[in-house]
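Below is one structure; the comments refer to it alone.
Please read these numbers as outputs of a predicted model, since none were measured by experiment. Only heavy atoms go into these numbers, but all of them, side chains included; no hydrogens, no water, no symmetry mates.
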Amino acid sequence: MEYNEIITELKKLLGNSPEENDRILRKEGEKFANAGNIEGLKAVGELLLENMPEERRKEIARLTHIDGMRLDEMYNKIIGMINEKQIIEAVPLAERLYKKITLEYTENDTAKFVSFRNPFEDNLYQYLFKEDKTLNRTPFDFASYLTTYAYLLIETGANIDAIPVLERAVEYNPVDVGPRFELTEIYKILRNRKMVFETTRQTLAIASSPIAIARCYANIGYTLTDFGEYEDAIIFYSASSMFAPNPAIPLEIRHAADLKGTPAVMPTRDKIIKTMEKYDINFGPDQKVIDTAAKLASHYMGGKDIPNALQALKILFNLTLDEEIKNLILKLDPQAAMMKPKNTGTPAPDIRMTTNNNPKN
């Protein structure tokens, strides 16, 4: 359904009082959010504004607009500029968006703003981080907005300036791998070995896809190569290829082997695990991430919410490759293609995995 059609259908549901309409629209908004229907969410937001008293409507507009442009529209404009390679021109616009967000949506003693994109992230956050403050959901994906600004800073050589921006992005969504990967990229460039390992550990604790896990191991492999520990680098690169094939990884393994002076040998699983233990790096997905996906799938199955159950089950299958989970997915959705790992994080546009062969990639 297109935007105007959604508006028409929503208006048919409205009642006779602002209070009743607010409840109806918020309920419909939750449905659109769970289904990932962006047009539906926009339509609900538009009608919620219309339903509000004038004073409140003006305040919402002030919080969600810059010079008459809605924050998500400004972000889309920035993305368009990036796609057109207008990197320098996009920086001032992204900076304005960053300042607006961090000024208007600030944490206080009793509440904080969070930008979760789906029920899985919401549940994972509350499982991993024991939060006493009230969680206020932001109207847009601020973690991605800030990560994109940091990406632009990195592209223009302002690596150090990007670090606090990414730290703020993490605050808005601590379970999004995107800003953490960008932080790791900076520390790789700065050759800050300690922080590469620290940010990687933090990322592995929330990684909910094989692709994210593979990238974590590749980042460690890069840094170990950079510091001359070629044998262990090859082991981490090999682990990366086990979780998600990437055409760059065989080249990295060969590069490390050439520097080492002897051919690379595929390590055993036990060898990989022992090597990772030496660096305090976990092998495979974190059990708490698996538990969150399993509990969420069970919850939605019990409530017969099949779309959300499928989302959780697919995360669970990608992390465990459990055939029973796969069969359940196919039973619920016979049209589902073969399960393929999907990256559930949101990296900024054109995020690179830095390679030894081409540091500018």
Verdict with supporting geometry, Tyr300 and Leu313, side chain to side chain contact (heavy atoms under 4.5 Å, CB included): CA-CA 10 Å; Tyr300 284 123; Leu313 286 169; over 6 Å; no

Backbone N/O of Asp226 and side chain of Arg191: donor-acceptor pair under 3.5 Å: yes

Minimal non-hydrogen separation, Tyr145 against Leu71, with atom names: CE2-O, 3.9 Å

Residue pair Lys295 / Asn123, side-chain heavy-atom distance below 4.5 Å: no

Crowding at NZ, Lys77 (>12 non-hydrogen neighbours, <6.0 Å): no

Nearest heavy atoms of Glu131 and Lys112, plus distance in Å: OE1-CD, 3.5 Å

Common cluster, Tyr237/Tyr230, ILVMFWY with side-chain heavy-atom separation under 4.5 Å: no

Gln287 atom CD: more than 12 heavy-atom contacts under 6.0 Å: yes

Shared hydrophobic cluster for Met276 and Val265 (ILVMFWY, side-chain gaps under 4.5 Å): no

Intermediate values then yes/no, side chain to side chain contact (heavy atoms under 4.5 Å, CB included), Ile290 and Leu316: CA-CA 6 Å; Ile290 294 174; Leu316 186 59; 3.7 Å; yes

Ser240 (side chain) donor-acceptor with Phe236 (main chain) under 3.5 angstrom: no

Nearest-0.5 Å distance that lies between atom CG in Asp176 and atom OG in Ser144: 5.5 Å

Working for side chain to side chain contact (heavy atoms under 4.5 Å, CB included), residues Arg137 and Val114: CA-CA 5 Å; Arg137 273 63 180 177; Val114 289; 4.2 Å; yes

Enclosure of Arg254 CZ (heavy-atom neighbours >12, cutoff 6.0 Å): no

Heavy-atom check, side chain of Arg215 versus side chain of Thr203, under 4.5 Å: no

Separation between CG of Leu330 and NZ of Lys326, rounded to the nearest 0.5 Å: 6.5 Å

All side chain to side chain contact (heavy atoms under 4.5 Å, CB included) counterparts of Asn159, not counting sequence neighbours: Ile154, Ile186, Ile189

Donor-acceptor pair, side chain of Tyr187 and main chain of Thr199, under 3.5 angstrom: no

Note: Glu104-Lys100 ion pair, threshold 4.0 Å (strictly below): yes

Lys/Arg-Asp/Glu bridge criterion (N-O < 4.0 Å) met for Glu20, Arg23: no

Stepwise ring-ring contact (aromatic ring centres under 6.0 Å, His included) test for Phe140 and Tyr75: CA-CA 10 Å; Phe140 308 110; Tyr75 177 69; 9.7 Å; no

Salt-bridge criterion met for Lys188 and Glu185 (N-O under 4.0 Å): yes

Set of residues satisfying side chain to side chain contact (heavy atoms under 4.5 Å, CB included) with respect to Lys304, sequence neighbours excluded: none

Nearest non-hydrogen partners of Tyr172 and Ala143, listed with the distance: CB-N, 4.3 Å

Arg70 with Asp72: basic N within carboxylate O range, under 4.0 Å: yes

Under 3.5 Å side-chain donor-acceptor pair for Glu323 and Asn327: no

Same apolar cluster: Tyr279 and Phe283, side chain cutoff 4.5 Å: yes

Option passing side chain to side chain contact (heavy atoms under 4.5 Å, CB included) with His255 (candidates Leu259, Ile253, Leu251): Leu259

Check: Ile220 main-chain N/O paired with Thr223 side-chain donor or acceptor under 3.5 Å: no

N/O donor-acceptor pair under 3.5 Å between Lys130 side chain and Tyr127 backbone: yes

Check: Arg180 side chain, Leu166 main-chain N or O, donor-acceptor pair, under 3.5 Å: no

Check ion pair Arg26-Asp22 (N to O, under 4.0 angstrom): yes

Gap separating the NZ atom of Lys314 from the CD1 atom of Ile325, nearest 0.5 angstrom: 13.5 Å

Nearest heavy atoms of Glu121 and Ser115, plus distance in Å: OE1-O, 4.3 Å

Sidechain-backbone polar pair: Tyr149 side chain, Ala162 backbone, donor-acceptor under 3.5 Å: no

Asn318/Ser209 under side chain to side chain contact (heavy atoms under 4.5 Å, CB included): CA gap, chis, key distance, verdict: CA-CA 6 Å; Asn318 285 336; Ser209 76; 5.8 Å; no

Student check: side-chain heavy atoms of Leu10 and Leu14 closer than 4.5 Å: no

NZ (Lys133) with more than 12 external heavy atoms under 6.0 Å: yes

Donor-acceptor contact below 3.5 Å, side chain Asp333 vs main chain Ile329: no

Check: Thr147 and Phe181 side chains under 4.5 Å, non-hydrogen atoms: no

Separation between CD1 of Ile163 and CG of Leu183, rounded to the nearest 0.5 Å: 7.0 Å

Residue pair Glu198, Arg201: steps toward the salt bridge (Lys or Arg N to Asp or Glu O under 4.0 Å) verdict: CA-CA 5 Å; Glu198 182 59 29; Arg201 292 186 192 101; 3.5 Å; yes

Spatial distance of atom NZ (Lys288) from atom CG (Leu128) [nearest 0.5 Å]: 6.0 Å

Joint cluster assignment, Phe197 & Phe227, ILVMFWY side-chain distance < 4.5 Å: no

Donor-acceptor contact present, side-chain Ser298 to main-chain Ala294, <3.5 Å: no

Flag, side chain of Asn21 to backbone of Gly15, donor-acceptor distance under 3.5 Å: yes

Salt bridge Glu95-Lys99, side-chain N to carboxylate O under 4.0 Å: yes

From CA spacing to verdict: ring-ring contact (aromatic ring centres under 6.0 Å, His included), Phe142, Phe113: CA-CA 10 Å; Phe142 288 164; Phe113 288 95; 7.9 Å; no

Side chain to side chain contact (heavy atoms under 4.5 Å, CB included) against Leu321, all qualifying residues, sequence neighbours excluded: Phe317

Basic-acidic side-chain contact under 4.0 Å: Lys278, Glu229: no

Nearest heavy-atom neighbours spanning Ala205 and Asp286: O-CB, 3.9 Å

Nearest non-hydrogen partners of Ala239 and Ile272, listed with the distance: CB-CG2, 3.9 Å

Same apolar cluster (I L V M F W Y, side chains within < 4.5 Å links), Leu103/Met69: no

Gap separating the CG atom of Asn246 from the CD1 atom of Ile211, nearest 0.5 angstrom: 9.5 Å

